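Quantities reported herein were computed from a predicted structural model and do not represent experimental measurements. Worth knowing before you read on, the calculation uses all heavy atoms, side chains too, and leaves out hydrogens, waters and symmetry mates. Within every chain, numbering begins at 1; the chains are lettered A, B, ... in the order of the sequence lines, protein sequences first and strands thereafter.
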Amino acid sequence: MKKLQDLGSALIDLLEQVEQPLEPVLAEMESTGIRIDIQYLNSLSSELRETLESIEKKTYEAAGVEFNLSSPKQLGEILFEKLRLDRRKSRRTKTGWSTDVSVLEKLELDHPVVALVIEHRMLSKLRSTYVDTLPKLVEKETGRVHTDFNQAVTATGRLSSSNPNLQNIPIRTEFSRRIRKAFLPKKDWKLLSADYSQIELRILAHLSGEELLQEAFRNGDDVHALTARLLLDKDDISLEERRLGKTINFGVIYGMGAQRFARSTGVTKSEAKEFLSRFKLRYPKIFSFLELQERLALSKGFVETLLGRRRFFHFDRNGLGRLLGKDPYEIDLDLARRGGLEAQQLRAAANAPIQGSSADIIKVAMVQLQEMLKLANLPANLLLQVHDELVLEVDPNFLTEVKALVIRTMQQAFSLDVPLVVDIGVGNNWMEAK
DNA sequence: CATATCACG
DNA sequence: ACGTACGTGATATGG
């Protein structure tokens with residue numbers, strides 16, 4: 001406590017008003033657990049076993065040799081030595097040639113074996129990490145799995161989840177969504193999923209004061225389409241172009257460079273540079289805000305979230321550490337970003353207030369929501385938090401009431417200069433609820 | 001136990 | 001000249 005007091009009252013408040021009240025909420029979520037359909041997962045596992053065996057056979061036929069598909073080392077040797085595929089599409093790792101999915105996608109049209117490997121990779125990952133693992137962790141008496149929500153692990157203030165990690169349950173592919181069907185509410189209850197819509201971009205709009213973005217959120221506009229319109233300088237935007245806007249909106253939060261932007265959208269590097277500089281021109285306050293965070297990390301040694309949560313940085317005393325105590329606006333950022341490790345730390349500094357403020361807000365919402373559920377004696381249990389999403393199980397007779405309470409509590413957890421919007425879904429399992 | 005890979009926000 | 005997307009946790013391989 002003494003140490004915290006020295007750091008100011010915001011951190012005392014954060015501790016006493018948010019983190020400490022959150023602890024029993026997390027404890028109850030862990031203890032409640034979430035119900036899992038073991039039989040369903042077992043049948044998925046059998047189906048996967050057959051599919052994987054069939055892919056393996058075809059792979060060995062196409063490659064002309066049998067090998068361990070789960071060994072990146074062996075796969076690299078097959079692809080780049082035996083089959084002599086284009087090594088320029090891969091890169092060196094400490095142990096050989098990279099065979100990660102971005103490499104495989106570049107090689108996909110060069111040899112029939114590659115598509116098989118991609119399919120196998122995805123399905124075997126899902127089987128070993130989720131389909132075969134979750135049933136073993138189900139408590140026999142309750143039919144539920146109980147994760148650990150770690151409150152003091154991350155650098156940004158987010159929670160993490162482990163044993164098992166229930167914050168990375170698959171959703172992005174067709175087969176993934178079938179895994180979500182295994183997550184059930186209490187018998188005869190409903191599963192409810194409520195997530196903040198674009199909370200990090202809204203926080204960025206708030207913290208930066210960028211009027212164009214704020215106005216868009218206030219009007220309920222499609223901000224990815226807006227960004228696409230600003231970058232392409234035209235009114236009508238295709239779905240493809242909107243995707244471009246979305247990539248750059250998210251990329252900026254992480255400090256994405258032109259190369260990565262080009263690679264993940266398919267535009268050329270010079271087009272990517274053009275887009276990034278137009279973005280800077282159209283949303284100048286976003287960039288000055290992000291740069292200010294980098295300057296603060298250097299001059300004060302930390303950056304802060306909405307609730308005063310701090311992420312500290314420790315730069316080499318013989319290098320960037322010398323900038324400690326200097327006027328943030330006198331720091332030459334281009335110079336500071338010179339080193340690879342330092343540049344990464346500075347991107348992390350720019351990102352931390354955004355990611356961390358999002359964590360602040362959902363934590364406040366969780367404490368308030370749990371309090372309201374208890375006060376009103378509502379038959380509903382908080383089960384999971386997935387960074388911008390809360391999952392509950394609810395007695396269907398009280399759905400209308402609980403839905404309204406969840407939305408109101410999450411949206412009012414913190415007042416920003418832009419609205420917080422919550423999307424909600426209800427179903428008989430986690431897939432249906434999304 | 002290090003490494004590569006990949007699941008999520 | 002070049003690079004650079006933030007934050008997590010789990011799995012299989014191979015030494």
Fill in: Within residues 340-349 of chain A, residues whose heavy atoms come under 4.0 Å of DNA chain C
A:Gln344, A:Arg347, A:Ala348
Worksheet item: With sugar-phosphate meaning primed atoms plus P, OP1 and OP2, does A:Arg121 contact a base, only sugar-phosphate, or nothing at under 4.0 Å between heavy atoms?
Response: sugar-phosphate
Discussion item. Under 6.0 Å from the ring centre and within 45 degrees of the ring axis: does the NZ or CZ of A:Arg91 meet both conditions for the six-membered ring of A:Trp97?
Written reply: no
Discussion item. Applying a 4.0 Å non-hydrogen cut-off, can you work out what A:Arg338 is touching in the nucleic acid: base, sugar-phosphate, or nothing?
Written reply: base
Practice prompt. Could you work out which one of C:dT11, C:dG7, C:dG15 sits closest to the side chain of A:Gln355?
Written response: C:dG7
Discussion item. If you only use heavy atoms from C-beta on, which nucleotide in C:dT11, C:dG14, C:dG7 is closest to the side chain of A:Gln74?
Written reply: C:dG14
Worksheet item: More than 12 foreign heavy atoms under 6.0 Å from CD of A:Glu81: is that the case here?
Response: yes
Worksheet item: In whole Å, what is the span from the CG atom of A:Asn68 to the P atom of C:dT11?
Response: 17 Å
Item to complete: Count the heavy atoms of every other residue, nucleotide or ligand shown that sit under 6.0 Å from NZ of A:Lys57, and state whether that count exceeds 12.
Response: no
Worksheet, complete the sentence: Contact check, residues 89-103 of chain A vs DNA chain B, heavy-atom distance under 4.0 Å, returns A:Thr93, A:Lys94, A:Thr95, A:Ser98, A:Thr99, A:Asp100, A:Val101
Discussion item. Can you tell me if A:Gln259 touches the phosphate of C:dT4, counting only side-chain N or O atoms and a distance under 4.0 Å to OP1 or OP2?
Written reply: no
Worksheet item: How about A:Arg338: does its CZ atom have over 12 heavy atoms from other parts shown lying under 6.0 Å from it?
Response: no
Worksheet item: When the distance from CD of A:Glu77 to C1' of C:dT13 is rounded to whole Å, what number comes out?
Response: 12 Å
Worksheet, complete the sentence: Outermost contacting nts on DNA chain B, any atom under 4.0 Å from chain A heavy atoms, listed 5' then 3', are B:dT3 to B:dG9
Item to complete: Look at A:Glu53 together with A:Arg127 and state whether they make a salt bridge at an N to O cut-off of under 4.0 Å.
Response: no
Worksheet item: Which residues within residues 270-302 of chain A lie with some heavy atom under 4.0 Å of an atom in DNA chain C?
Response: none
Response to the item:
To the nearest angstrom, the OH-P distance between A:Tyr130 and C:dA12 comes to 12 Å
Fill in: N or O in side chain of A:Arg260 less than 4.0 angstrom from C:dT4 OP1/OP2
no
Discussion item. Could you spell out the base pairing of DNA chain C as a dot-bracket line? Use Watson-Crick and G-U wobble contacts where both distances are under 3.5 Å, [ ] for crossing pairs, | for partners on a different strand.
Written reply: .....|||||||||.
Worksheet item: Hey, does the side chain of A:Ser70 come within less than 4.0 Å of C:dT11's phosphate (OP1/OP2), counting only N and O?
Response: no
Response to the item:
note: A:Leu75, atom CG; C:dG14, atom P; distance rounded to Å ~ 11 Å
Item to complete: Salt-bridge test for A:Glu432 and A:Lys190: reply yes if a basic N is under 4.0 Å from a carboxylate O, no otherwise.
Response: no
Practice prompt. Using atom CG of A:Asp334 as one end and atom P of C:dT4 as the other, report the distance to the nearest whole Å.
Written response: 16 Å
Worksheet item: C:dT4 and B:dA4: how far apart are their P atoms, nearest whole angstrom?
Response: 15 Å
Discussion item. How many whole angstroms separate atom CG of A:Asn249 from atom P of C:dC6?
Written reply: 18 Å
Worksheet entry | Whole angstrom value for the distance that separates C1' of C:dT8 from CD1 of A:Ile169 | 14 Å
Discussion item. Is it true that, when you exclude A:Lys89 itself, more than 12 heavy atoms of the residues, nucleotides or ligands shown sit nearer than 6.0 Å to its NZ?
Written reply: yes
Discussion item. Taking atom CG as the centre, does A:Leu341 end up with more than 12 heavy-atom neighbours from other residues, nucleotides or ligands that are less than 6.0 angstrom away?
Written reply: no
Fill in: Short N-O contact, A:Arg35 and A:Glu393, less than 4.0 angstrom
no
Worksheet entry | Close approaches to DNA chain C from residues 157-168 of chain A, in residue order (heavy atom, under 4.0 Å) | A:Arg158, A:Ser160, A:Ser161, A:Ser162, A:Asn163, A:Asn165
Worksheet entry | Salt-bridge present (A:Lys58, A:Glu119; N to O < 4.0 Å) | no
